[in-house]
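Step one of this worksheet: look at the structure below.
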Amino acid sequence: MKKVSRSKKIVLAVVISFFVIVISLSFGSKRIYTEVEINASEEQVWAIISDLESYSEWNPFMKEAQGKLNVGEKLLMKLQNGSLKLDPFEPSLLQVKPGMEINWIGRVANIPKIFDGNHHLVIQRLSDDRVKFIQYEDFDGIVVSLTNMFYQTLFKDTREGFIKMNDALKAKAEGAKTD
């Protein structure tokens with residue numbers, strides 16, 4: 001059996017690393033988007049999603065949430081659905097538009113561009129007593145494309161978690177309306 005020289009091994013490792021980085025940077029984004037129509041007002045839906053302390057009572061995806069809804073603040077959260085389990089998870093708030101949107105960014109090890117998730121909870125008014133709740137997340141970073149190639153279950157489970165949360169929010173908001 002022919003021995004490969006040390007220098008050839010180093011060159012091969014560098015070439016492989018280069019291609020992994022190029023692929024990761026080229027295809028390192030993914031969006032998960034969900035929405036649900038809710039028979040409730042913007043104020044009712046906002047009251048539920050902005051009450052972080054009550055998430056443990058109704059939210060099957062974001063099992064716990066603590067913090068103040070002020071731009072720049074860190075939240076303390078516990079997320080779980082299928083293969084996805086983040087405990088603790090400490091995203092930073094980017095936007096808070098009362099009655100309309102909560103937006104945060106979460107990062108692996110709080111290091112930018114490795115695996116970032118820019119998460120949005122959006123309320124769109126359809127009528128006085130009907131809204132569209134949109135939940136989406138833009139994932140970005142070096143590890144995102146590798147996750148998309150080799151571990152798609154993570155994104156599938158995340159999407160299912162969004163849907164479960166949306167359905168639970170709808171049930172809570174519509175149930176609160178009839179009380």
Side-chain angles (χ1 to χ4, degrees), residues 29-108 110 115-127 129-141 143-144 147-148 151-179:
S29 64
K30 172 114 178 132
R31 173 174 276 192
I32 297 174
Y33 178 95
T34 61
E35 64 180 54
V36 65
E37 289 189 12
I38 301 173
N39 294 313
S41 69
E42 299 126 297
E43 295 82 14
Q44 289 168 307
V45 175
W46 178 258
I48 297 168
I49 68 168
S50 65
D51 182 7
L52 301 178
E53 304 295 324
S54 75
Y55 277 31
S56 61
E57 298 168 15
W58 66 270
N59 193 329
F61 177 58
M62 296 178 190
K63 303 262 185 192
E64 293 178 24
Q66 299 172 357
K68 297 189 186 307
L69 289 179
N70 298 318
V71 172
E73 293 282 334
K74 282 197 179 284
L75 302 177
L76 181 59
M77 305 181 87
K78 179 179 179 180
L79 307 180
Q80 186 171 355
N81 190 62
S83 67
L84 177 66
K85 183 177 182 184
L86 295 173
D87 180 14
F89 174 60
E90 298 182 16
S92 298
L93 283 163
L94 298 176
Q95 285 187 75
V96 178
K97 297 178 184 174
M100 296 172 55
E101 181 175 10
I102 301 172
N103 169 221
W104 64 72
I105 190 161
R107 295 188 158 122
V108 170
N110 289 318
F115 192 100
D116 296 351
N118 190 341
H119 197 106
H120 297 258
L121 305 176
V122 180
I123 301 168
Q124 286 183 350
R125 181 181 189 271
L126 300 176
S127 68
D129 59 352
R130 189 164 177 79
V131 300
K132 182 185 293 183
F133 177 72
I134 299 167
Q135 180 171 195
Y136 70 96
E137 189 155 4
D138 292 319
F139 295 94
D140 189 23
V143 179
V144 172
T147 302
N148 203 24
Y151 192 55
Q152 292 181 357
T153 303
L154 177 67
F155 293 122
K156 179 181 169 278
D157 287 347
T158 301
R159 185 176 195 296
E160 288 174 7
F162 287 10
I163 292 168
K164 285 179 182 177
M165 177 181 163
N166 294 359
D167 291 345
L169 174 62
K170 177 179 174 74
K172 183 166 178 65
E174 290 178 356
K177 185 177 179 184
T178 60
D179 289 345

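None of these values were measured; they are calculated from a predicted model.
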* Under 3.5 Å, is there a donor-acceptor pair between the Lys97 and Gln95 side chains? -> yes

* Value rounded to 0.5 Å, distance of CD in Glu160 from CG in Asp157 -> 5.5 Å

* Asked: Taking side chain as C-beta onward, heavy atoms only, is Leu75 less than 4.5 Å from Met62?
  -> no

* **Full working for salt bridge (charged side-chain N to carboxylate O under 4.0 Å, His left out) between Glu90 and Lys74** => CA-CA 6 Å; Glu90 298 182 16; Lys74 282 197 179 284; 5.3 Å; no

* To do: State, with a plain yes or no, whether a side-chain heavy atom of Ile134 is found less than 4.5 Å away from one of His120.
  => no

* Leu154 side chain reached by Phe115 side chain, heavy atoms, under 4.5 Å -> yes

* To do: Please round to the nearest 0.5 Å and tell me the distance separating atom CE of Met77 and atom CG of Leu52.
  => 6.5 Å

* On the 0 to 90° scale, with breaks at 30° and 60°, tag the Phe162-Phe61 ring pair as parallel, tilted or perpendicular. => perpendicular

* Asked: How many angstroms lie between CZ in Arg125 and CZ in Arg130, if you round to the nearest 0.5 Å?
  -> 13.0 Å

* Rounded to the nearest 0.5 Å, how far apart are OG of Ser29 and CG of Asn118? -> 12.0 Å

* Asked: Are side-chain heavy atoms of Val108 and Val143 found at a separation under 4.5 Å?
  -> no

* To do: Please round to the nearest 0.5 Å and tell me the distance separating atom NZ of Lys156 and atom CD1 of Ile32.
  => 11.5 Å

* Under 6.0 Å from the CZ atom of Arg107, do we count more than 12 heavy atoms belonging to anything else shown? -> yes

* To do: Drop me the distance from Lys164's NZ to Leu169's CG, to the nearest 0.5 angstrom.
  => 16.0 Å

* Any side-chain heavy atom of Ile102 sitting closer than 4.5 Å to one from Ile49? -> yes

